2 protein chains.
Amino acid sequence: MMKNEESLFCKGKAPNIKRFMEISLLLLLAQEESHGYTLAERLTDFGFSSEEFNIGTLYRTLRKMEKDNYVISKWQEGGQGPKKRVYQITESGKNALAQLIEMLKSRKKRIEKLIDSYEYESLKDKSDNIMKGK
Amino acid sequence: MMKNEESLFCKGKAPNIKRFMEISLLLLLAQEESHGYTLAERLTDFGFSSEEFNIGTLYRTLRKMEKDNYVISKWQEGGQGPKKRVYQITESGKNALAQLIEMLKSRKKRIEKLIDSYEYESLKDKSDNIMKGK
DNA sequence: ATGAATATATGCATTACGCATATATGTTAT
DNA sequence: ATAACATATATGCGTAATGCATATATTCAT
């Protein structure tokens, strides 16, 4: 039984149902180039509260995205404070983003299906109770 | 920086952004008691295609759910074929399901925010191009 | 007896995180 | 001058939820 194609839990071989951070960063970098610390602030504007993610994870995700050729980075010196590693999205990264957005759309439909199913059951229970005079 | 409360990626200590299988099984078991093999079929009716999940994962998830006291199981002999381990949802499982549905609702909102943001950027690009006479 | 269908389970690997911690550089207050 | 703070990046360790492959057992039809 069972071979995987475009799974709910998995796309290809990876369990990438959770790639919110990566998708969000790609989206921000599609808007404009940026470095890690600024991206953290931009995520906040974007709807993430600063308690909701880990800054270490952000940097690690950016390094991984560069390894995957979704972004490239260069060191920017000269401003105030320490050097900044500035990231730019690549064409490959833009394509990945488009695909990930499609994945989010199908994920959203699945979630809606579950929620609807739950609420239909709840309604049914209520009308059962009404039928029984509860 | 950063302390975790009700993360996008995480609820408490666990990275449970992906718990579709568990939620789906709880939902099915809230409807009626069932055993693994039947649940696999019912998931199919439910919108999962049989290629989209792993039957081993299903059984492993059910055992974990029992460990967490979300379900209880008993062996049912006497029918045709091998013995079946029949699962029933507990009150604790029903509470967990209600909470997980709430989690799905907020997750859905987050997904919508990302999709909207992506599509807004695409529209903006188009009108930029129009402004530039492209 | 052989094979198919039914039924449950486990070992190994991977991914995307969280948390804690380390390191370094400017900037400001004392 | 030094201590504290804000800025900035990175890594080690651990975990949850999954996939894939494989093992085991029972019943039924041929």
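Just so it is clear, the model here is predicted, and its values are computed rather than measured.
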Atom-to-atom span, [atom1] of [X] to [atom2] of [N] - whole angstrom:
| X | N | atom1 | atom2 | result |
| --- | --- | --- | --- | --- |
| His35(B) | dT26(D) | NE2 | C1' | 13 Å |
| Tyr37(B) | dT26(D) | OH | P | 17 Å |
| Gln76(B) | dT27(D) | CD | P | 14 Å |
| Lys83(B) | dT8(C) | NZ | P | 11 Å |
| Ile55(B) | dG11(C) | CD1 | P | 18 Å |
| Glu77(B) | dT8(C) | CD | P | 12 Å |
| Glu41(A) | dA6(D) | CD | P | 13 Å |
| Asn54(B) | dC12(C) | CG | P | 17 Å |

- Find the distance between OH (Tyr87(A)) and CG (Leu28(A)) and round it off to the nearest 0.5 Å.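 Taking OH in Tyr87(A) and CG in Leu28(A), the distance rounds to 14.0 Å.
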- In terms of the nearest nucleotide of DNA chain D, which residue is placed more toward the 5' end: Gly56(A) or Pro82(A)?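 That would be Pro82(A).
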- Task: Look at the side-chain heavy atoms of Ile, Leu, Val, Met, Phe, Trp and Tyr, link any pair under 4.5 Å apart, and say whether Met103(A) and Leu27(A) land in one connected group.
- Result: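 Yes; tracing contacts between hydrophobic side chains, which count when under 4.5 Å, links both residues.
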- Task: Between dG19(D), dC17(C), dT27(C), spot the one nearest the side chain of Met21(A), thanks.
- Result: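 From the listed options, dC17(C) comes nearest.
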- Item | Sidechain N-carboxylate O distance under 4.0 Å for Lys105(A), Glu119(B) |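 So Lys105(A) pairs with Glu119(B) through a salt bridge.
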- Task: State plainly whether the residues Glu22(A) and Lys64(A) are in salt-bridge range, i.e. N to O under 4.0 Å.
- Result: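 Judged by the 4.0 Å cut-off on N to carboxylate O distance, Glu22(A) and Lys64(A) do form a salt bridge.
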- Query: How do Gly81(A) and Glu22(A) order along DNA chain C: which one's closest nucleotide is nearer the 5' end?
  - Reply: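 That would be Glu22(A).
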- Item | Nearest atoms (heavy-atom pairs only) where Leu39(A) meets Leu58(A) |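 Closest heavy-atom pair between Leu39(A) and Leu58(A): C-CD1, 4.4 Å.
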- Item | Heavy-atom pair with the smallest gap, counting every atom of Ser34(B) and Leu29(B) |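 In terms of heavy atoms, the two residues are closest at N-CD2, 3.7 Å.
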- Should Arg19(A) be listed as having a side-chain N or O under 4.0 Å from OP1 or OP2 of dA16(C)?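 For dA16(C), OP1 or OP2 has a side-chain N or O of Arg19(A) closer than 4.0 Å.
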- Phosphate OP1/OP2 of dG18(C) contacted by Thr57(A) side-chain N/O (<4.0 Å):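 For dG18(C), OP1/OP2 do have a side-chain N/O of Thr57(A) under 4.0 Å.
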- Message: Between Ser73(B) and Glu66(B), is there a side-chain donor-acceptor contact under 3.5 Å, judged purely by atom types and distance?
- Response: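 Present: a donor and an acceptor within the cut-off.
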- Message: Does anything in residues 58-71 of chain B come within less than 4.0 Å of DNA chain D? Heavy atoms only, and list the residues if so.
- Response: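 Close to the strand are Arg60(B), Lys64(B).
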